[in-house]
Amino acid sequence: MRACIVGAGFAGLAAAERLASAGLDVEVLEARGRVGGRVWSEVLDNGAVVERGGEFILEGYDLTRRLANALGLEVMPTGMAYGDRDPRNGPPVERAELLQAALELTQLAGEHNRRPIGDLLAFAAISPGARAALESRLSISTGHEASELAAHLARHTSSTFSPTESGRIAGGNSRLAEKLAGTLLTHVRTNHVATRVTWDSTSVTVAGRGFTIAADVALITVPTTVLGDITFDPTLPATKEDAHRSVDYGRAAKLFVPLANAPPPSAVMSVPDRFWCWTALADESVPPVVSCFAGSALALERLGVEAGPARWVDRLHRLRPDLELISQEALASTWD
């Protein structure tokens, strides 16, 4: 039996490995010139490895850790915690007060799960500082303004300001995808953009510019944002069409700025600007780079992301005057 998988992110690669192990003949098609999808490591001119996409391996990511171990890769500690961000530039708030406010918001969401988080934040008995910090954190994490979120998303506050240390793959998270692709008993074809899928109950044909692949089955593992670029003949069942149309992606971006000196690990959040930044261990030392993540369309607009990194770098300098930024070498990466 032959299977064609469209998309060489972790979903596609994991599916290919499972099917190939079961004895299927598998072809994997990837539109980009690399594998990994949302995981994308890059080496800066100063030698620092940054993650333009997915970065932190958190508590409970047991499958990721087992896969890394099986592929001979090491999950290295970062010396900082994804959840434990020092909120700055907003109304003052003490840590204990913030943790209590996060707990109260989560409880309110359980009691009023049909109300938007904006309503819960408005009538929760918490201080202005705690309210602003939680609203900023939720907006950053989801890529949407917190006031627009459904109540059940308040569960994100359970990891807010958690001190559990985060991890990353030694040498860059892309190594996990590359190792997985390299061990497959199959073909992984990059720069192959699938544009048409013709299918029936017994077979499927996947076509693109310069190629046509016939298979018994196909798995389409691309993000819903590009699924519309593929023509299906016949069209997908209504349940699948409705499912992918209902996905609501957030807007986010990352920024990386080389530093003149290597700082200690840190995690700091700009409450009004809806972004946080971190410096972290990599192979037992902190490389000279600071990374940032901004979430929500409003945050990206305020930071002028579409015009380049200049305004964001300026806000970062105000947030972290302790860091000696090499501003002219800043690199920005949008991430919807």
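Each residue takes its place number in the sequence, starting with 1. Note that the coordinates shown come from a computational prediction; the quantities given were computed from them, not determined experimentally.
The pair D84-R95 meets the salt-bridge criterion, since a charged nitrogen lies less than 4.0 angstrom from a carboxylate oxygen. Checked for salt-bridge contact, R311 and D314 miss the test: no charged N lies under 4.0 Å from a carboxylate O.
Side-chain contact annotation: T279 with R320, donor-acceptor N/O pair under 3.5 Å absent. A donor-acceptor contact closer than 3.5 angstrom is absent between the side chains of T198 and T205. S21 and E17 share a side-chain donor-acceptor pair at under 3.5 Å.
In E306, the CD atom is not crowded: 12 or fewer heavy atoms of neighbouring residues, nucleotides or ligands sit closer than 6.0 Å. More than 12 heavy-atom neighbours from other residues, nucleotides or ligands sit within 6.0 angstrom of CD on E241.
In this structure, F56 and Y82 have tilted ring planes: the angle between them lies in the 30° to 60° band.
No donor-acceptor distance shorter than 3.5 angstrom exists from the side chain of R137 to the backbone of M269, with no hydrogens or angles considered. At least one donor-acceptor pair closer than 3.5 Å links the side chain of R131 to the backbone N or O of L121. Between the side chain of R52 and the backbone N or O of K254 there is no donor-acceptor pair closer than 3.5 Å.
Put simply, the side chain of W278 reaches to within 4.5 Å of the side chain of F293, judged on heavy atoms.
Residue C4 is tested with L219, L29, V197, V204 for a side-chain contact (heavy atoms from CB on, under 4.5 Å); the sole match is L29.
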